[in-house]
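Since the structure comes first, as structure tokens, the remarks are kept for the end.
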Amino acid sequence: MSRFEGIRVSDQWLQNQFSQAQLRSLKSKFLHLKKENGQVTAGDLPPLLVKLKPFNVIFKEEEIRDILCEPGTDEGNKLDFEGFLRAYMNLQTQAAKKLGNSKNASSFLKATNSTLHTVQDSEKEVYVAHINSYLRDDKFLKQFLPIDSSTNALFDLVKDGVLLCKLINVAVPNTIDDRAINTKKELNVWERNENHTLCLNSAKAIGCTLVNVGCQDLAEGRPHLVLGIISQIIKIQLLADLNLRKTPQLLELLDEDDDVEELITLSPEKILLKWMNFHLKKAGYTKTVTNFSSDIKDGEAYAYLLNVLAPEHCSPGALDTNDPAERARMVLEHAERMKCKRYLTPKDIVDGSTNLNLAFVAQLFRERNGLSNDSSKVSYAEMMTDDEQVSREERCFRLWINSLGICTYINNVFEDLRNGWILLEILDKISPGSVNWRHTTKPPIKMPFRKVENCNQAVRIGKQLKFSLVNVAGNDIVQGNKKLILAFLWQLMRFNMLQLLKHLRSRSQEITDGYILRWANRKVKSTGRISQMESFKDKSLSNGIFFLDLLTSVEPRVVNWNLVTRGVSDDEKKLNATYIISVARKLGCCIFLLPEDIMEVNQKMMLMLTASIMYFYLKQSDEETESTPSSVAVTPEASPAPSVNGDDENPFAGEYFNMSIDDAASDTTSVSNIEDIASL
């Protein structure tokens, strides 16, 4: 397969600190500076770097100059591109130290997009109030609540991992099986680490973007990272109803000429703004609110919004006063009379705190959205939503994509992938160098043929990776063909997992579906247990016993068999399935399936679950091989990795790249019709 080298630097370590997207962006800025000045010197960098995120909110220009141009350094020294990158890395390191996180400074740029926050006392106070309110009756945590927001008690309480796990379940109920959380009063290091691993993998499974955050960060209670995660969890909770499936009345927001598809593609934040402007227009407010910061700092929009949502609590003085702080105070008093939780103070409104204003507006929507219950619109909205199986697959792939750490966050797979750009980002992530970025168009894309060009390149790369894409063209993706999009994404996810496994084994050993199946059966058998799976669609898997046996075989301490049911009734099967998912995440498996996928034996998800457990085991085995015997944490019952000699078919037979899932260890099924695959 032809590959496009992209931007390369001679120092491999330096190369590894940046993605190709970052290198392209930085190279462009370097060349622009060189074109303007004829050359680039150390003295040229501060005016450029102070404009870049995140440095623009952390440093002043003179501070950057002091860091890069130390005493005795000649600011006129000429820099090449590698010198520019080293200066950039140096500034990243200093920025991370300034915020209290000097570890993994190379990932700092990515972290700022999601979870890297400065510690705002107002945010901490609000998040603590939220936790005290929603978790005050929790059987385990009530002994530690209420938390005093004036102290560091929040960050101390996070250190054992229980609080964040419980908060995730508040945001998205039943994400974590409470039985899998270690809740003893005194936890050892291993038990704490399990809780943190469970928390991080579950946070990803509900849509949090976690970059450069590890178990050790939570164990140390790093304030900016902890608040960043809590902020995302609370946001997910508050925005949960902002979709047509949960609130079909949202159709009322559309004008006669608006397309329903447009509403479906909007992010929850954009829908919230649309809802706010819908009511503001009815109230006679002439401005359009485009953000949760500067546009509402004067409090006028809030005063109009609350007067139309709850006229019985109307406060005319809020519109008469010229003092923004006084108006903000009156707005919040109005909200309290509506029994809405206060997620901000008058000062937060005046200061334009984005996170807290977003939380406040979301709470207003939850308490009183002011939309009609027109039965015809509700019925139409219900028709517009996907069937349950399609929705589950869309959810799984969306969460997986957002966990990859690509630059673009997606809200709807079917709509967000239609311009081809995100597909190319995914391909570049899982098969580095495969995308020819010179022949791509970055969003926003106005010309339809540019979208087709992006999608055509994605399809070409897919075929080079031996995906089954017979009779598939880029235009099918642009048109939003759901079956084809889901089938393409399944192949991407499967390819990524098999690549991860391959890198942990001998280069000569191909990892196939059949190999994963045989490994799982051998692993369970090696511990003396009798359960087995005939294929990834074996109906006996629905009771969950095989996967519990498999988890026990890779880590004997992780399953509490006193909590396992026989898996006969649907209720028993669901209990086992929920427990399996939490235990797997507790071990370190990053998985996105639901209990229903196990109960119904969704063969795609069964393969991914098995492969994820295998990846954990092989990775752990590799790490233990490199360590001394005394540092090995696994118990003696754990069996060694199975022999791979002579177990697989010819690695060039095509099974490795085949999209279909093997039904038995020796099966290789050639699939030619992608729509047949999508219906598996």
Side-chain angles (χ1 to χ4, degrees), residues 1-6 393 397 400-401 404 417 420 422-436 439-440 454-477 481 483-519 535-536 603-608 610-612 614-615 644 647-680:
M1 182 179 69
S2 62
R3 308 183 74 80
F4 303 92
E5 290 299 321
E393 290 199 20
F397 293 134
W400 170 69
I401 292 168
L404 292 175
L417 266 61
I422 294 173
L423 279 175
L424 293 172
E425 283 191 280
I426 298 168
L427 284 161
D428 193 50
K429 186 75 175 180
I430 68 175
S431 181
S434 60
V435 178
N436 185 349
H439 294 165
T440 62
N454 282 352
C455 292
N456 279 340
Q457 184 176 175
V459 171
R460 281 198 304 272
I461 296 169
K463 289 178 179 178
Q464 290 166 352
L465 295 175
K466 304 297 171 57
F467 291 176
S468 180
L469 296 170
V470 178
N471 297 324
V472 177
N475 195 52
D476 295 316
I477 298 171
N481 186 313
K483 275 190 173 183
L484 299 184
I485 289 172
L486 289 177
F488 197 173
L489 288 175
W490 160 240
Q491 294 182 87
L492 287 168
M493 178 187 264
R494 178 176 175 273
F495 175 82
N496 183 53
M497 176 53 74
L498 295 182
Q499 286 290 94
L500 290 173
L501 288 170
K502 182 181 178 182
H503 291 155
L504 291 177
R505 304 305 280 161
S506 166
R507 288 185 176 274
S508 62
Q509 177 64 55
E510 294 290 356
I511 303 292
T512 64
D513 299 344
Y515 178 69
I516 294 170
L517 180 75
R518 290 191 295 278
W519 172 84
S535 71
F536 291 111
Q603 63 182 115
K604 298 175 186 176
M605 295 302 107
M606 297 304 92
L607 169 61
M608 295 310 298
T610 309
S612 296
M614 181 181 180
Y615 179 72
V644 296
D647 282 338
D648 267 89
E649 303 87 346
N650 180 353
F652 303 105
E655 181 190 1
Y656 171 65
F657 293 106
N658 192 348
M659 178 184 179
S660 64
I661 303 173
D662 301 333
D663 287 340
S666 60
D667 266 356
T668 54
T669 307
S670 178
V671 179
S672 60
N673 190 320
I674 195 168
E675 296 209 7
D676 290 341
I677 298 163
S679 65
L680 281 177

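This chain uses plain numbering: 1 for the first residue, then up along the sequence.
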Run the side chain to side chain contact (heavy atoms under 4.5 Å, CB included) check on E393 and K604 step by step: do they pass? CA-CA 10 Å; E393 290 199 20; K604 298 175 186 176; 3.5 Å; yes
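- For the pair Y515/L501, no side-chain contact is recorded, criterion being any heavy-atom separation below 4.5 Å from C-beta on.
- Of the possible donor and acceptor atoms, one in the side chain of Q491 sits under 3.5 Å from a partner among the backbone N and O of S468.
- Between S431 and I461 the shortest side-chain heavy-atom distance does not fall below 4.5 Å.
- Minimum interatomic distance between K463 and L469 (heavy atoms only, all atoms of both residues): CE-O, 3.4 Å.
- For T610, the side chain to side chain contact (heavy atoms under 4.5 Å, CB included) criterion is met by I516, A520, M533, F536, F547, L550, not counting sequence neighbours.
- Distance CZ/F397 to CG/L417: 11.0 Å, rounded to 0.5 Å.
- The CZ atom of F495 lies 5.5 Å from the CD1 atom of I430; values are rounded to the nearest 0.5 Å.
- Put simply, CG on L489 and CD1 on I401 are 5.0 Å apart, with the number rounded to the nearest 0.5 Å.
- I511 contributes atom CD1, which lies 11.5 Å from atom CE of M497 (distance to the nearest 0.5 angstrom).
- For the pair L492 and F467, the tightest heavy-atom approach, listed with the atom from each and the gap, is CD2-CE1, 3.6 Å.
- A distance of 10.0 Å separates NE2 of H503 from OH of Y615, quoted to the nearest 0.5 Å.
- Proximity of a side-chain donor or acceptor of Q457 to a complementary backbone N or O of T440 within less than 3.5 Å is not detected.
- Every residue two or more places apart in sequence or in another chain that forms a side chain to side chain contact (heavy atoms under 4.5 Å, CB included) with A458 is listed here: L423, L424, L427, F488.
- To the nearest 0.5 Å, the span separating CH2 on W490 from CG on L607 amounts to 4.5 Å.
- Here the closest non-hydrogen pair linking N456 and G474 is OD1-N, 2.9 Å.
- The shortest side-chain heavy-atom distance between V459 and D476 does not fall under the 4.5 Å cut-off.
- N475 meets the side chain to side chain contact (heavy atoms under 4.5 Å, CB included) test with V452, V478, Q479; sequence neighbours excluded.
- Using a 4.5 Å cut-off on side-chain heavy atoms (C-beta onward), N496 and K429 make no contact.
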